[in-house]
Every structure is written in C-alpha cells, then in structure tokens.
Amino acid sequence: MVFLTMQRHLCCRLLSRKFLEPNWSRSNIVVVAPLRKRWFGQPAAQTHPHLVAEGEITPGLTVEEFHSRRCKLVRSALKTFQGLKSTEHHLFIFPSATTSFMTNDIPYTFRQNTDFLYLCGFQEADSLLIIKANSESLTTGDHESILFVPRKDAAKELWDGPRSGAHGAAVLTGVDAAFNSNEVEKYLQHYNKEHKNYVLWYNHGHPVHADFNSRVVGQLMQDKRHKCVENTTNLMHRLRVFKSVAETSLMQQSVEIASAAFIDVMKFSKPMINEAQVWAKMDFECRMRGAEFLAYPPVVAGGARANIIHYITNNQVVRDGEMILMDAGCEFHGYTSDLTRTWPVSGRFTEAQKQLYNATLYVQEECIKLCTQAYSLDEIFTRMLHLLAEQLSNLGIIPPETPPAQQINLARKYCPHHVSHYLGMDVHDTSTVSRGMKLQPNMIVTVEPGIYIPSDDYSVASRYRGIGIRIEDNILVTDSNPINMSVTCPKNVEEIEELMSK
Ligand SMILES: [Mn+2]
C-alpha cells in the first residue's frame, strides 16, 4: 500500500529533521486521524483517481518532479553566489495566491500563483513555501522545504469544502514539513535568531500576497539580519522556460483540447451568430474535454473588430460575408494553450479574404520553420516583417515603388504585434526571459503573424479594408525540426471550407 508507507515514511522524516530545534518542538506538528478517510483541499489520488495517479501531486506531475524542481532552483540560485564565503545560508520565500473577490462574498475563480504551484503543487490559497539551503546545496541541491497552509477549521470547511491542513499538505506534496500558516512568523523569527548574513530570496518587485508581504516579510526586512534580498523572478523564469517530458505531455493535451474545440466552434458558427455564443461554445467544448477553464478571455472578433488586437467585448452579431477571428486557449492541469484561427462565418472565403488569408498562412508556415536553435524569437519577428512586406507588396497593399526600409515600416503597421512569446503555465510565459535569446530544445513558443487592414485605410483597395487575420500555432523547439503541437487544428482554406460544409 503505497499510501500507508508514504505516511509512515513522512512521520519519520518530520521528527528527525534538524530544524526541530529547542523552540520549535514536535508539539508543533499536527497529527490527525488516518488519512484514508480524509478529504484534501485539492484533487488527490485517494479522492480523484480519475485525475491524479498514485505518486502524483497534480495530474501528470510526480512528487519527484516537484522535488527536482526545487533542487534545480537551489542550485541555480547558489551558483550566483559561488565562492562568496559570507553567504552560507539561503532562505527562499514563495507565497501562494490569495482569493480575490468580485463583490461581497463572491470570489473570482481561484488560480494558484504560478511559481508557488511550480515548486510544490499545492493548490490552496494563503499558503507559503519556505526553502532553506546552505552553501553545500550548490553541489547536492539538498534543501529543506516547509509549507505553511490554512489550518483545518470545521466551521470554514462546512462552507468552503475541505482543507488539507498541515499534515495533509505534507502527505500530498512530500515537503519536509508543513505547519499552520499562523505559525510562519514564529518560524521565521526563530530562523532569524539562528542565522545572520543569509541571502533572502523573494519576489519583492511584485509581491504575490499583500498580507504575507507586509506581515511576514516586512518583519524580516525590519530585523535586517539578512545580507541581501535577491529577486526570484528571473531565476524561476529561467527554470520554467524549459519544459520537462511530463510538462510537454500536459502542454500537448492542453493544445489538443483547444484544437478539437476550435473544430467544433467553426462547425457551430453561422451567419448572424453572436460572438458571445461563439465564446460560450469554446468554453463548453474545452471544459467538456477536461480543461479547467479558458486560459484567458478569448478574442472573438467578427468582421472589422478583428483589427482590435485585444478585442474581448465579444457581444456583436457576425454577418454573412464576414470572418471570425478567435484567439483562445485553455488551461489543463496548470498548462495553457494559445491558438488563433480566422474563418468565414458563411463557410466560404471571398476572393479578397482568401488572398489575405493565404498571405498570412504563408508567412506563418515560414516562421514555424525558423523555430530552431539558429534563431531567437526577435530574429523570427524581423524575418516575419520581411516576409509580410513581400506578401503585402504582391497584393499591391504596399505600393511597388516603396523603398525597402519603408516596406518594413508598412509591414509593422499592418501587423503591430510581435510574432511570438514563450508559452507554458502562463500564457505569456516566463516574460523576463529575453526574446533575443536563441531558442533551445524543450522551449514551447507561439507563432502568430497577422494582417490587419483598417476599415478607413483608403491607401488600400476597398476589397481588403476591414479584414483582420491572425493564425497562431503552438510550437515545441527540439534539437532538430520544430514540432507543431496544434497540427490537428485546421488552417488551410480547403480544410476550413470542407469542415464547415459538413
Ligand atoms: Mn499568443
């Protein structure tokens, strides 16, 4: 019985850890009834075997994977302090997200903070992860990880459902110890007394949790026992930008769910449909396939509204002869997809639509080929502008006599956004990783060129005005050819017309 073994093993680890110093005795450890009967505050193998397998913390991700992420974090952090003798100890603090409220008592959908989730897989709000390391951790990656979580509270749980509690959290995540979150100040005060000149690793630039930031970290800052504060954001992004085998598999599933949903949405659309109905259909089809929710408010733009890049109002009627641009993706067990397709609501492209569409598609397919170690995303963007300029010239949208530099400016005018971003747990993933860096295997990126011709651009032939097109796929970078993860989502004119004729 894996479960019982795990429990016994955990108790031994809890009692033997060296952090159980005089002021921090074993009486602090919460012992509860046998876990077999309890519920956790998140899906677990015991309660949701259809989602989580034995040995996993979140669907598809094992206890070992989370542990190795923390080891990697510690090693890469300590590398930056290599050789500096006075920096023996390192303390990492990662708060979870808190619940946000739309109005009195009405919460927004909870989404866990990405870095916190990446490091421990714990899904409850108002929790905090502490990682303790010392200079030896540089080679071994050894560390202690301690979770502080909302305490069990029968009255609260009656309304909001079960909490894992400290013991449940430790069993779920395999961290070295877990305590009630109201004990975190005492714990850190103790650490502060025992250590001097330690490095405090914390995202102080954009504090994740206002209360922990002022109450818990604020106290450490005042005491000034630490040597310096180092921001964790860049460190986390440099880890997260590379996807493991398990993560790639989750990403692939997320992309396949969205791709299949796109097909159903295209078939469902017809003249006079409301953009809101298209949105609802996408949401429905993604959830029906197991996604938790859409990864972002989708762009569902009929006709010239496609020229508003972040159009999310989605409340207009789409008329016969217009196209729908839908930019949508889902979140599947913490991993996002991000696709865009543009299709004629009637099922048939007009000649002008087809010309602009094929120009966009050509540029997109050329850019996908460039997703290799030879290019950075910024270099692919530059290449996109040249390819677009060429296509727009062929169509006469850029006048033939335009000098080359001016052609690039015009291409930029008709596609005012970048061609790509990194993709992962966040839609605009690992934003501090430079897009000037050469791509490397196991990165996942989007490729999303567009052509947007404003309705009032009288320099362009009238048949093209008011048309906006974007085509976006999700691409896995490998050590050879790039892999298009969204290959099952139709994008050729013939494929789309065929699909919509059914
Ligand atoms: Mn995108």
Side-chain angles (χ1 to χ4, degrees), residues 254-289 291 294 298-308 311-330 337-365 368 391 395 446-453 463-474 484-502:
S254 180
V255 173
E256 277 171 17
I257 289 170
S259 298
F262 258 88
I263 293 175
D264 287 339
V265 171
M266 285 187 205
K267 282 188 191 163
F268 175 75
S269 62
K270 55 182 189 300
M272 296 311 285
I273 198 167
N274 195 293
E275 292 158 351
Q277 293 169 308
V278 177
W279 174 1
K281 179 71 172 168
M282 184 64 187
D283 188 40
F284 174 80
E285 293 298 343
C286 286
R287 286 172 187 256
M288 286 300 282
R289 290 174 168 84
L294 293 183
V299 175
V300 183
R305 292 178 295 282
N307 291 327
I308 305 166
Y311 174 81
I312 54 169
T313 323
N314 305 347
N315 59 4
Q316 260 300 0
V317 173
V318 188
R319 288 165 205 286
D320 198 5
E322 291 182 329
M323 292 200 285
I324 299 179
L325 182 158
M326 181 167 82
D327 183 338
C330 62
S337 41
D338 178 8
L339 301 179
T340 309
R341 289 292 182 267
T342 312
W343 70 94
V345 72
S346 68
R348 305 283 302 174
F349 287 86
T350 66
E351 205 44 47
Q353 287 168 348
K354 199 186 288 186
Q355 286 170 355
L356 281 178
Y357 188 88
N358 281 332
T360 314
L361 184 59
Y362 172 78
V363 173
Q364 202 242 5
E365 288 183 331
I368 289 176
Q391 292 297 310
L395 293 173
T446 65
V447 175
E448 47 179 314
I451 296 178
Y452 312 92
I453 312 288
R463 62 182 181 281
Y464 297 132
R465 282 180 225 150
I467 295 178
I469 293 163
R470 179 162 67 256
I471 306 170
E472 175 177 25
D473 281 313
N474 300 159
N484 185 348
M485 302 175 86
S486 42
V487 76
T488 55
C489 191
K491 63 176 174 180
N492 290 328
V493 165
E494 299 74 30
E495 282 174 327
I496 291 173
E497 289 188 343
E498 159 82 18
L499 173 81
M500 294 195 62
S501 68
K502 283 181 193 158

Treating [X] as the side-chain partner and [Y] as the backbone partner, does any N or O pair qualify as donor plus acceptor under 3.5 Å?
X      : Y      : answer
Gln355 : Ala352 : no
Glu256 : Thr488 : no
Glu497 : Glu494 : no
Asn484 : Ser486 : yes
Thr350 : Gln353 : yes
Ser346 : Arg348 : yes

(message) Under the criterion side-chain contact (heavy atoms from CB on, under 4.5 Å), I'd like the reasoning laid out for Lys267 against Met500: C-alpha separation, chi angles, the key distance, then a yes or no.
(response) CA-CA 5 Å; Lys267 282 188 191 163; Met500 294 195 62; 5.8 Å; no
[X]: side-chain contact (heavy atoms from CB on, under 4.5 Å) partners, not counting sequence neighbours:
X      : value
Phe284 : Met288
Asp264 : Lys281, Glu285, Arg289
Glu498 : Lys502
Ser254 : Cys330, Phe332, Ser337

With sequence neighbours excluded, what pairs up with [X] under the salt bridge (Lys or Arg N to Asp or Glu O under 4.0 Å) test?
X      : answer
Glu275 : Arg305
Arg463 : none
Arg319 : none
Asp473 : Arg341, Lys491

(request) Would you sort out whether Asn358 and Leu361 count as a side-chain contact (heavy atoms from CB on, under 4.5 Å), showing the intermediate values? (result) CA-CA 5 Å; Asn358 281 332; Leu361 184 59; 4.3 Å; yes
State, to 0.1 Å, how close [X] and [Y] come at their nearest heavy-atom pair, and which atoms those are.
X      : Y      : answer
Ala258 : Cys286 : CA-SG, 4.3 Å
Val345 : Gly321 : CG1-N, 4.5 Å
Thr360 : Pro449 : CG2-O, 3.7 Å
Leu395 : Ala359 : CD1-CB, 4.1 Å
Met266 : Leu499 : SD-CD2, 3.6 Å
Ile263 : Pro490 : CG1-CD, 3.5 Å

(request) Among Asn314, Asp327, Val265, Thr340, find the residue that satisfies the side-chain contact (heavy atoms from CB on, under 4.5 Å) test when tested with Pro298. (result) Asn314
(message) Show me the pairs that pass ring pair (Phe, Tyr, Trp, His ring centres under 6.0 Å) and involve residues 258-283, at least two apart or across chains.
(response)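 Residue pairs passing ring pair (Phe, Tyr, Trp, His ring centres under 6.0 Å), neighbours aside: none found.
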(request) List for me each residue that meets ring-ring contact (aromatic ring centres under 6.0 Å, His included) alongside Phe349, sequence neighbours excluded, and say none if there are none. (result)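 Here the qualifying residues are Tyr357.
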(request) Using side-chain hydrogen bond (donor to acceptor under 3.5 Å, both in side chains) as the criterion, list what pairs up with Asn474, not counting sequence neighbours. (result) none
(request) List in chain and number order the residues that pass side-chain hydrogen bond (donor to acceptor under 3.5 Å, both in side chains) with Thr342, two or more places apart in sequence or in another chain; answer none if no residue qualifies. (result) none
(request) Drop me the distance from Ile451's CD1 to Gln364's CD, to the nearest 0.5 angstrom. (result) 12.0 Å
(request) Could you go through the side-chain contact (heavy atoms from CB on, under 4.5 Å) check for Leu325 and Tyr452 one step at a time? (result) CA-CA 11 Å; Leu325 182 158; Tyr452 312 92; 4.3 Å; yes
(message) With heavy-atom distances below 4.5 Å as the criterion, would you say the side chains of Val299 and Met326 are in contact?
(response) no
(message) Please determine whether side-chain contact (heavy atoms from CB on, under 4.5 Å) holds for the pair Ser269 and Val318, giving the CA-CA distance in whole Å, both sets of side-chain angles, and the decisive distance to 0.1 Å.
(response) CA-CA 9 Å; Ser269 62; Val318 188; over 6 Å; no
